[in-house]
Protein chains: 2
Amino acid sequence: MTVTESARSPRRRTPRNTLNPDRILDAALALLDRDGPEAFTMRALATELGVGTMAVYSHFRNKDEINDAVNDRLLSEIELPAPAGCAPCDQIIELCRSVYRLFSEHPAALPLLTSRPMRGDEAVAVIDRQLGLLLAAGLSPADAARAQVVIMQYTVGSALWAVRRRQAELGGCDEQAGVRRQIQDRLAEAPADRYPSLTGLVPELTAAQDGGIELYEQGLKGLLRGLLGG
Amino acid sequence: MTVTESARSPRRRTPRNTLNPDRILDAALALLDRDGPEAFTMRALATELGVGTMAVYSHFRNKDEINDAVNDRLLSEIELPAPAGCAPCDQIIELCRSVYRLFSEHPAALPLLTSRPMRGDEAVAVIDRQLGLLLAAGLSPADAARAQVVIMQYTVGSALWAVRRRQAELGGCDEQAGVRRQIQDRLAEAPADRYPSLTGLVPELTAAQDGGIELYEQGLKGLLRGLLGG
DNA sequence: ACCTGAACACCGTTCAAGT
DNA sequence: ACCTGAACACCGTTCAAGT
């Protein structure tokens, strides 16, 4: 029997006992989604697994490697649209909505977004699909590449915004819970002479800041109109 | 010229000795820009100031308060365009370029972006100006508010992307320096049958990912075309 | 081979004490 | 009032040792 060498990774096969990479990733994801990114600690992860703190290091080199693996697993949950369906532009929107939803619903994805750029095969698969759809929509290779990057930048920014808002809403233990209302008050009390345009637009602005995925889609459509229709 | 009372803050005036909030903020900004966000430590900040670790706590309640103050100071460096100049759309682009440049050049701004939403008067001033320009461009109040949020989301996402890329480029101490080349290799070695669209577009894609402020401006113009021209 | 406990070098912050 | 040093409760990770 040929022994498949694990590619320059120190972890070996057959973790015969209680622990294995999949179980660790499950626990990591559960911990992240339940208690938030700042509670994702090697010690907390080990406790979640009912194991000593250092047991995890037998399967992953360090915390960054776990982050990358969680990243890859999350990306793999994105359902790629069927290659041939409706118009390319609609497929792009649907795919981007999936990416936005993933990032926005899983606070776990936030730190990995913030840290290293796309790693893992699943991220590459998403990029490939986006590029294919942009080419199908009639863009030149260079324009398609630029559009793909711009779209991802907008998607990341929007999802980051949404997550940040949701985190600000709760989390206030010593502060009162209504941080959003607090911001609204801050805007409302802004002097009219210093901020002439803002005054009176506070309701519209707070509504827009809570736009969520609907605002994302509206902005995306505008972006696509500008990038494709040009 | 009116005496502004320090609002419910425990710090008093006339810190007669060596330390004061301005000096602390100078040191914090220098530390952040020189050594990066992860090196911004209360202990390192005190060392930079040539002072005991706890001295800073006489002027700021905690690290978050320093972060907010740094945020505010950075935002204040944005030069607001003259109220009446060229066309509103061009003024928007110029203002947004300033914001992008600030975020992209100061890695210090990154953590505050990632953490809490806009705090401080300077951020409000930027928002007010953007809203005014969008209204001047002919948008309804609700549309202007939505457009402002979308534009900021795109700006934050793009700047985050740029900073992240630059951080990935250096930082590799044990790894080799060319992480960008490494990613390029990852993309190039992607099998053509799994990623049909990506194959052959690697040069275009890496060029787009290094697009920087020029790509940002191009995407912004597309976005504005879609939002205004619609 | 997989897992453990102790230990190291950090971090933000509290607290009692100096001046 | 401003600043200090020791201490506390964390963190990621190394290391020698168990099985």
Side-chain angles (χ1 to χ4, degrees), chain A residues 1 3-6 8-25 27-28 31-32 35-70 111-112 114-116 171 173-175, chain B residues 5-6 9-25 27-28 31-32 35-70 111-112 114-116 171 173-175:
Chain A
M1 47 194 77
V3 178
T4 61
E5 229 34 53
S6 69
R8 71 181 132 270
S9 181
R11 6 174 179 135
R12 296 281 174 268
R13 51 191 53 246
T14 65
R16 298 189 326 288
N17 242 344
T18 65
L19 226 50
N20 62 62
D22 265 341
R23 245 171 62 75
I24 293 176
L25 255 39
L31 188 60
L32 279 163
D35 300 335
E38 74 284 356
F40 176 39
T41 288
M42 295 301 278
R43 286 169 161 89
L45 178 60
T47 304
E48 179 95 3
L49 288 160
V51 98
T53 310
M54 296 311 299
V56 184
Y57 284 85
S58 298
H59 302 85
F60 292 94
R61 235 195 286 271
N62 50 32
K63 200 182 181 185
D64 272 346
E65 209 172 89
I66 300 181
N67 269 326
D68 287 340
V70 171
L112 345 134
T114 308
S115 60
R116 269 161 315 297
C173 293
D174 43 350
E175 315 271 335
Chain B
E5 238 17 69
S6 73
S9 182
R11 0 172 186 141
R12 298 281 174 268
R13 50 191 58 241
T14 64
R16 298 188 325 286
N17 243 345
T18 64
L19 225 50
N20 62 61
D22 265 342
R23 245 173 61 74
I24 293 176
L25 255 38
L31 189 59
L32 277 164
D35 300 336
E38 74 284 356
F40 176 39
T41 287
M42 295 301 280
R43 285 167 161 90
L45 178 60
T47 304
E48 178 96 3
L49 287 160
V51 97
T53 310
M54 297 310 300
V56 184
Y57 284 85
S58 299
H59 302 85
F60 293 94
R61 235 197 285 273
N62 51 32
K63 200 182 182 186
D64 272 345
E65 210 172 88
I66 301 181
N67 269 327
D68 287 340
V70 171
L112 344 135
T114 309
S115 60
R116 269 161 314 297
C173 294
D174 44 349
E175 315 271 335

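Reminder, nothing fancy here: chain letters follow the sequence lines and each chain counts from 1.
Between A:M42 atom CE and D:dT14 atom C1' the separation is 13 Å, expressed in whole Å. Spacing between atom CD of A:E38 and atom C1' of D:dG12 amounts to 17 Å, rounded to whole angstrom units. Between A:R43 atom CZ and C:dA6 atom P there is a gap of 12 Å when expressed in whole angstrom units. Rounded to a whole Å, the CZ atom of B:F60 is 15 Å from the P atom of C:dG12. When rounded to the nearest whole Å, the span between CG of B:N62 and P of D:dC10 equals 18 Å. Spacing between atom CG of A:L49 and atom P of C:dC3 amounts to 10 Å, rounded to whole angstrom units. A straight line from CG of B:D64 to C1' of C:dC11 spans 14 Å, rounded to a whole angstrom. Look at NZ on A:K63: it is 8 Å from C1' on D:dC11, rounded to the nearest Å.
Close to D:dT14, at under 4.0 Å from its OP1 or OP2, lies no side-chain N or O of A:Y57. Neither OP1 nor OP2 of D:dG12 sits under 4.0 Å from any side-chain N or O of A:T53. The phosphate of C:dA1 has neither OP1 nor OP2 within less than 4.0 Å of any side-chain N or O from A:S58. Using a 4.0 Å cut-off, some side-chain N or O of A:H59 falls inside it from OP1 or OP2 of C:dC3.
Contact of the A:F60 side chain with the A:D68 side chain is not registered, since no non-hydrogen atoms from C-beta on lie closer than 4.5 Å. In this structure, A:F40 and A:L45 have side chains that are in contact, with non-hydrogen atoms separated by less than 4.5 Å. Contact of the B:I66 side chain with the B:M42 side chain is registered, since non-hydrogen atoms from C-beta on lie closer than 4.5 Å.
The partner of D:dT4 is C:dA16, judged by Watson-Crick or G-U wobble contacts that both fall below 3.5 Å. Of all nucleotides present, none satisfies the Watson-Crick or G-U wobble test against C:dA9 with each distance under 3.5 Å.
Between A:A39 and A:M54, it is A:A39 whose nearest contact on DNA chain D lies nearer the 5' terminus.
Across A:L31 and A:E48, no two heavy atoms sit closer than the pair CD1-OE1, 3.9 Å.
Between the B:D22 side chain and the B:L25 main chain, no donor and acceptor come within less than 3.5 Å of each other.
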